[in-house]
Amino acid sequence: MNRIRTRFAPSPTGYMHIGNLRTALYAYLFAKSQGGDFILRIEDTDRARYVADAVEFIERTLAAAKIIPDEGPHHGGTFAPYVQSERMDIYKKYAEQLVKDGHAYYEETENGVAIRQKMPRAGETTFFDVLHGNITIANSELEDQVLLKSDGMPTYNFANVIDDHLMEISHIIRGTEFITSTPKHVLLYEFFGWELPTFIHLAPVMGKAEDGTVSKLSKRHGATSFNDLIEAGYLPEAITNYVALLGWSPKNSCQEIFSMDELIKNFSLDGLSKSPAVFDYAKLDWMSGEYFKAMSDEDFAKVADKYFADFDAPRKIFLSSLLKTRVAKLSDIPDMIAFLKNLPPFDLELFTNKRNKITPQKSAEILAPAIKILENVDDWTLDTLNEKISAFVADSGLKVGAIMWPLRIALSMQKVTPGGVTEILYLLGKKISIERLNDALQKLKVDR
RNA sequence: GGCGCCUUCGUCAAGUGGUUAAGACACCGCCCUCUCACGGCGGGUUCAAGGGUUCGAAUCCCUUAGGCGUCACCA
């Protein structure tokens, strides 16, 4: 049996959307699960679309996603070069052989000479796809496609076949958009007398637009590039994990959180789905949150560092313990902690809470003695604060929630805060805490 | 339009002739609670439609509809 070899063959556009990343992931997972090789090949035969540094961009993106090629432009390998624009001589040779054999012909144009593939007019071509079974397309649907462009560059449909054969690719994993051009490839393999690789055409990843419509992922629909997601503060592992499950599911298991090693261990082709999958931020958010929750406070503080740069080291660690259980993506952090830096405008409404039977008047009655107690706290630590407030609650005869409500509002002007009152007091420090409480108390009196 | 692919809860999906049609996210409710979150418990919602085949169909066949893709010297 031949060695399993898969490849990811992007064109260097400087943009890696999630659908592409998933294709690369599956090709990688399949190769690795079979002890095979994963090859990165750059298909840069369209000179008009060439983007500088795109190759490095692709390599960086794959590296971030922990998809590591065994062979590629900067990884070396016995079949180098892995950039198609550096393989022009090879394509030329094979195209000319096709002409010689009567399977292709020259075409004169104003820009130069091109070579076209001669398609059979009758009959049909069938190929086997692991996901879809046999697919048959009438040869009359096939046009005499260009193999070699007048600028000397091969077309995708040609270079692809030549390279996949020369690089000994055993399984071609790519998107469904190539299903209809596969017969042309198959004919080429037959002309050359080459063994056919195994085809696997993956269903597309769809995006949901704001109006709720669904269509193939693009910049318009969801702007879902790997890089955008990283920018938003999702962990690469979480993205990879989520993307793996968009179109694949493990056999005999309901596991959803997978490390890369686990993905490799569990991956199999028959877990692939034939139908399109819609990219869902809600689920990504959940999965991302699972990754954050699993982190230590220290690790979280490290990845979140730039989002709360204003705090000292101990406070960062403490903040991390509060934040890591309630964050979907790192960029959520600034809004969540903004109140610590700047108190939102006073809002009387917030001092009313039905469940705890709190009114502005009641709030004032609670704040006044609470301030006195806190003013006398010198050891401004979580333990002490907790202790003092608990004692205050016990003395007041009120419910815990009732006491906490006005305090939290006065300190944050928010119904929802990361952490409870003692945590906020601690983070704010004594001076600012007392200031905010006094300020709220004054305003409550005035407004009454 | 021709050709091709696809169609199980709102979303990701398990399921391959006999199941109460898994599980997860989201949603709703309850509990816990110092809000939120976390955690616990519970709930509703699904086999695109119509015909067959069969004792029996989400599973097999046909038709229809819808979605997607493709018809480039783009990949």
Side-chain angles (χ1 to χ4, degrees), chain A residues 9-13 43-49 84 107 109 111-116 129 131-133 135-138 140-143 145-160 174-183 201 203-204 206 208 212-216 242 245-257 270-271 273-287 289-290 293 322-327 336 350 353 355-356 386 389-390 393 399-405 407-409 412 414-424:
Chain A
S11 57
T13 59
E43 313 226 326
D44 60 343
T45 55
D46 184 359
R47 276 148 66 171
R49 286 216 288 179
Q84 290 186 330
E107 180 187 45
T109 71
N111 299 322
V113 181
I115 293 180
R116 279 187 187 271
D129 181 287
L131 252 51
H132 303 286
I135 294 177
T136 300
I137 291 178
S140 57
E141 294 293 321
L142 277 24
E143 286 186 18
Q145 66 172 348
V146 170
L147 265 18
L148 219 54
K149 302 185 240 181
S150 53
D151 65 1
M153 282 287 188
T155 57
Y156 166 85
N157 286 136
F158 187 56
N160 195 261
R174 62 187 7 165
T176 40
E177 64 267 29
F178 294 113
I179 283 184
T180 39
S181 48
T182 302
H201 288 97
M206 313 290 279
K208 198 184 278 169
T213 58
V214 162
S215 69
K216 196 180 174 195
Y242 174 69
L245 260 26
L246 265 187
W248 173 81
S249 66
K251 287 290 158 193
N252 311 315
S253 154
C254 288
Q255 184 177 347
E256 295 204 283
I257 304 296
D270 61 354
S273 167
K274 291 194 285 191
S275 48
V278 178
F279 188 95
D280 181 16
Y281 277 95
K283 181 119 190 194
L284 203 219
D285 282 355
W286 165 78
M287 185 166 284
E290 293 297 304
K293 277 174 219 156
L322 300 178
L323 254 18
K324 71 176 190 181
T325 59
R326 44 199 111 200
V327 152
M336 291 175 90
L350 291 175
N353 178 259
R355 187 174 166 188
N356 289 309
N386 212 335
I389 290 177
S390 298
V393 169
K399 281 190 176 173
V400 189
I403 298 289
M404 296 302 183
W405 188 269
L407 286 170
R408 179 172 39 254
I409 298 298
S412 70
Q414 291 180 5
K415 279 195 239 184
V416 177
T417 53
V421 168
T422 46
E423 284 85 4
I424 298 172

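A, B, ... follow the sequence lines: proteins, then strands. Residue 1 opens every chain. The figures here come from the full heavy-atom set of this structure, side chains too, leaving out hydrogens, waters and symmetry mates.
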- Specify the separation, in whole Å, of atom CE of A/M206 and atom P of B/rG10. 17 Å

- Task: Could you tell me the separation between the CD atom of A/E143 and the P atom of B/rC3, rounded to a whole number of Å?
- Result: 16 Å

- Message: Applying ring pair (Phe, Tyr, Trp, His ring centres under 6.0 Å), can you list everything that pairs with A/W286, at least two apart in sequence or on another chain?
- Response: none

- note: A/I137, atom CD1; B/rG69, atom P; distance rounded to Å ~ 16 Å

- In terms of side-chain heavy atoms of A/V278, which of B/rA75, B/rC12, B/rC68 is nearest? B/rC12

- What integer number of Å spans the P atoms of B/rA24 and B/rU63? 39 Å

- Could you tell me which nucleotide pairs with B/rU20 by Watson-Crick or G-U wobble geometry, both distances under 3.5 Å, or answer none if nothing does? none

- Note on the structure: 5'-most contact on RNA chain B (nearest-nucleotide basis), A/N252 vs A/N157, goes to A/N252

- Item | Nearest to side-chain heavy atoms of A/V146, which nucleotide of B/rC73, B/rC6, B/rC74 | B/rC73

- Note on the structure: Correct closest heavy-atom pair for A/P418 and A/L322 would be O-CD1, 3.7 Å

- Would you give a per-nucleotide map of nucleotides 32-49 of chain B, 5' to 3', where B means the base has a protein non-hydrogen atom under 4.0 Å away, S means only the sugar-phosphate does, and - means neither? -BBBBSS-----------

- Can you tell me the pairing partner of B/rC25 across any strand shown, Watson-Crick or G-U wobble, with both distances under 3.5 angstrom? B/rG10

- Message: Does the structure show a Watson-Crick or G-U wobble partner for B/rC60, both distances under 3.5 Å? Name it, or say none.
- Response: B/rG52

- C1'-based separation of B/rC74 from B/rA13 [nearest Å]: 34 Å

- Query: Between B/rC12 atom C1' and A/D285 atom CG, what is the distance in whole Å?
  - Reply: 14 Å

- Working to the nearest 0.5 Å, report the span between NZ of A/K415 and CD1 of A/I409. 8.0 Å

- Message: Measuring only between side-chain heavy atoms, which start at C-beta, is A/S11 closer than 4.5 Å to A/D46?
- Response: no

- Item | Distance, rounded to the nearest Å, where A/H201 contributes NE2 and B/rC3 contributes P | 20 Å

- Message: Distance check needed: B/rA14 P versus A/D270 CG, whole Å only.
- Response: 10 Å

- Query: Rounding to the closest angstrom, what is the interatomic distance between B/rA48 and B/rC68 at atom C1'?
  - Reply: 15 Å

- Nearest listed nucleotide, side chain of A/E141, among B/rC73, B/rA13, B/rG2: B/rG2

- For A/D129 against A/H132, the heavy-atom pair lying closest together: OD1-N, 2.9 Å

- Could you tell me whether the side chain of A/T182 reaches within less than 4.5 Å of the side chain of A/H201, counting heavy atoms only? yes

- Query: Of all residues at least two apart in sequence or in a different chain, which pass the side chain to side chain contact (heavy atoms under 4.5 Å, CB included) check with A/S275?
  - Reply: A/S273

- Query: Counting side-chain heavy atoms from C-beta on, which of B/rA75, B/rC73, B/rC5 comes nearest to A/E107?
  - Reply: B/rC73

- Out of B/rC5, B/rC73, B/rU7, whichever nucleotide has its closest atom nearest the side chain of A/R116: B/rC73

- If you look at every heavy atom in A/P154 and A/T45, which pair is closest and at what distance? O-CB, 3.3 Å

- Message: Is A/S181 close enough to B/rC71 that one of its side-chain N or O atoms is under 4.0 Å from OP1 or OP2 there?
- Response: no

- Nearest nucleotide by nearest heavy atom, which residue falls closer to the 5' end of RNA chain B, A/S249 or A/T180? A/S249

- Message: Under 4.0 Å, heavy atoms only, any strand: does A/F178 hit a base, just the sugar-phosphate, or nothing?
- Response: base

- Query: How is A/S140 classified with respect to the nucleic acid when contacts are heavy atoms under 4.0 Å: base, sugar-phosphate, or nothing?
  - Reply: nothing

- Query: When the P atoms of B/rG69 and B/rG10 are considered, how many whole Å apart are they?
  - Reply: 23 Å

- Re B/rC30: Watson-Crick or G-U wobble partner, both distances kept under 3.5 Å, found to be B/rG40

- Pairwise C1' distance, B/rA72 and B/rG67 [rounded to whole Å]: 25 Å

- Query: So which nucleotide from B/rA75, B/rC5, B/rA13 ends up closest to the side chain of A/H132?
  - Reply: B/rC5

- Query: What residues form a ring pair (Phe, Tyr, Trp, His ring centres under 6.0 Å) with A/Y242, not counting sequence neighbours?
  - Reply: A/F279

- Message: Applying side chain to side chain contact (heavy atoms under 4.5 Å, CB included), can you list everything that pairs with A/V416, at least two apart in sequence or on another chain?
- Response: none

- Item | Sugar-phosphate, base or nothing in reach of A/E43, heavy atoms under 4.0 Å | sugar-phosphate

- Query: A/Y156 OH to B/rC73 P: how many Å, rounded?
  - Reply: 16 Å

- For B/rC27 versus B/rU11, give the span between their P atoms, rounded off to a whole number of Å. 16 Å

- Message: Please check if the number of heavy atoms outside A/N252 that lie under 6.0 Å from its CG is greater than 12.
- Response: no

- Query: So, A/Q255 side chain and A/I257 main chain: donor-acceptor pair closer than 3.5 Å or not?
  - Reply: yes

- Message: For B/rC74, does the base pair up with any side-chain atom of A/S11 as donor and acceptor (N or O, under 3.5 Å, distance only)?
- Response: no

- Query: How far does the C1' atom of B/rC28 sit from the matching atom of B/rU45, given to the nearest Å?
  - Reply: 11 Å

- Considering every strand shown, what is the Watson-Crick or G-U wobble mate of B/rC71 when both distances are under 3.5 Å? B/rG1

- Quick one, give me the B/S/- string for nucleotides 24-31 of chain B, reading 5' to 3', where B means a protein heavy atom under 4.0 Å from the base and S means that only happens at the primed atoms, P, OP1 or OP2. BS------

- When the P atoms of B/rG18 and B/rU64 are considered, how many whole Å apart are they? 29 Å

- Please give, in whole Å, the distance from B/rG4 P to A/L131 CG? 19 Å

